[in-house]
Amino acid sequence: MENQPPINDSEPHFEAQNQAAQIKATFIKYVRERGVVPASIYNLMAEMGEKESLFYEYYSQFLNIEQEIWADWFEETITRLQNDEVYHEYSVREKLLAFYFTLMEVLKENRSYLVTIFDKRNGGFRNKTLHEFKEKFRNYIANLIDEGIDTQEVQPRMFLSGQYSNLIWAETEFLLRFWLRDSSKGFEKTDAAIEKTVNFVMDLVGRNLADSAFDFAKFLFQSVRK
């Protein structure tokens with residue numbers, strides 16, 4: 001009894017993670033090689049040499065896989081950023097730029113899969129597909145906005161501050177579609193689009209001419225009243 005190995009309670013958890021990861025990897029591989037989404041769950045699992053019932057232990061439909069794939073890509077992007085010591089010294093503008101450039105590097109590893117999905121859906125993404133990615137992204141952006149307000153890179157505005165995350169999400173969808181259509185060498189046009197859109201958005205949410213004009217008008221009004 002003394003030589004009996006300790007019970008490893010984590011083994012079933014790791015096994016489940018590995019099986020789910022294998023299903024996702026097989027799904028991506030199937031789309032890449034055939035240029036179509038599997039006709040059925042049975043087809044996908046047959047590709048793995050597994051029973052269809054295994055699929056339902058982790059997912060209920062292909063949509064679940066696609067959502068999780070996008071969530072994984074987001075987490076991979078954040079992990080790479082967090083592991084970069086320089087990133088933590090960046091301004092909010094620089095962090096947003098770094099996020100998009102890193103995200104595109106992560107997505108580039110799966111571009112053929114994404115192009116196939118994108119083309120099959122007539123140049124668009126299903127909102128449900130990006131649901132988990134979007135939720136994680138909005139949390140990330142909310143933290144960046146708070147940081148930007150603290151550092152005065154972002155200007156808090158009544159009734160408008162709550163829309164900043166929507167504005168930046170619209171930018172994200174634009175960049176994803178732009179990249180998937182980009183045929184330039186090394187995706188140079190996408191790099192330029194990232195820089196221009198980030199600068200545009202940060203100029204909008206930052207202190208700008210409209211804020212200066214408002215402050216000046218407020219100053220004049222208060223001066224006249226005195």
Considering only NZ, NE, NH1 and NH2 on the basic side and carboxylate oxygens on the acidic side, decide whether [X] and [Y] come within less than 4.0 Å.
X	Y	answer
Arg80	Glu109	yes
Glu132	Lys136	no
Arg93	Asp203	yes
Glu68	Lys24	yes

Query raised in the report: Do Thr190 and Tyr100 have side-chain atoms, one donor and one acceptor, less than 3.5 Å apart?
Result: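 Result is no, nothing qualifies.
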Rounded to the nearest 0.5 Å, how far does [atom2] of [Y] lie from [atom1] of [X]?
X	Y	atom1	atom2	value
Ile117	Ile69	CD1	CD1	8.0 Å
Thr26	Asn43	OG1	CG	13.0 Å
Lys189	Arg181	NZ	CZ	13.5 Å
Ile41	Gln61	CD1	CD	8.0 Å

Got [X] and [Y] here, is their nearest side-chain heavy-atom distance under 4.5 Å?
X	Y	value
Phe99	Phe74	yes
Arg138	Asn166	yes
Trp179	Ile194	no

[X] side-chain N/O to [Y] backbone N/O, donor-acceptor pair under 3.5 Å:
X	Y	value
Glu66	Leu63	no
Gln67	Lys128	yes
Glu171	Val198	yes

Query raised in the report: Within 45° of the ring axis of Tyr87 and under 6.0 Å from its six-membered ring centre, is that where the NZ or CZ of Lys95 lies?
Result: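 Yes, a cation-pi geometry holds between Lys95 and Tyr87.
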Got a list of side-chain donor-acceptor pairs under 3.5 Å for residues 45-55, not counting sequence neighbours?
residue, atom, partner, partner atom, Å
Glu47, OE1, Arg34, NH2, 3.1
Glu52, OE2, Tyr56, OH, 2.8

Requested in this report: Determine whether the aromatic ring centres of Phe133 and Trp73 lie less than 6.0 Å apart.
Outcome: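 Ring centres of Trp73 and Phe133 not closer than 6.0 Å.
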Requested in this report: Give a yes or no on whether Ile23 and Tyr42 share a hydrophobic cluster (residues Ile, Leu, Val, Met, Phe, Trp, Tyr; joining criterion: side-chain heavy atoms under 4.5 Å apart).
Outcome: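 Different clusters.
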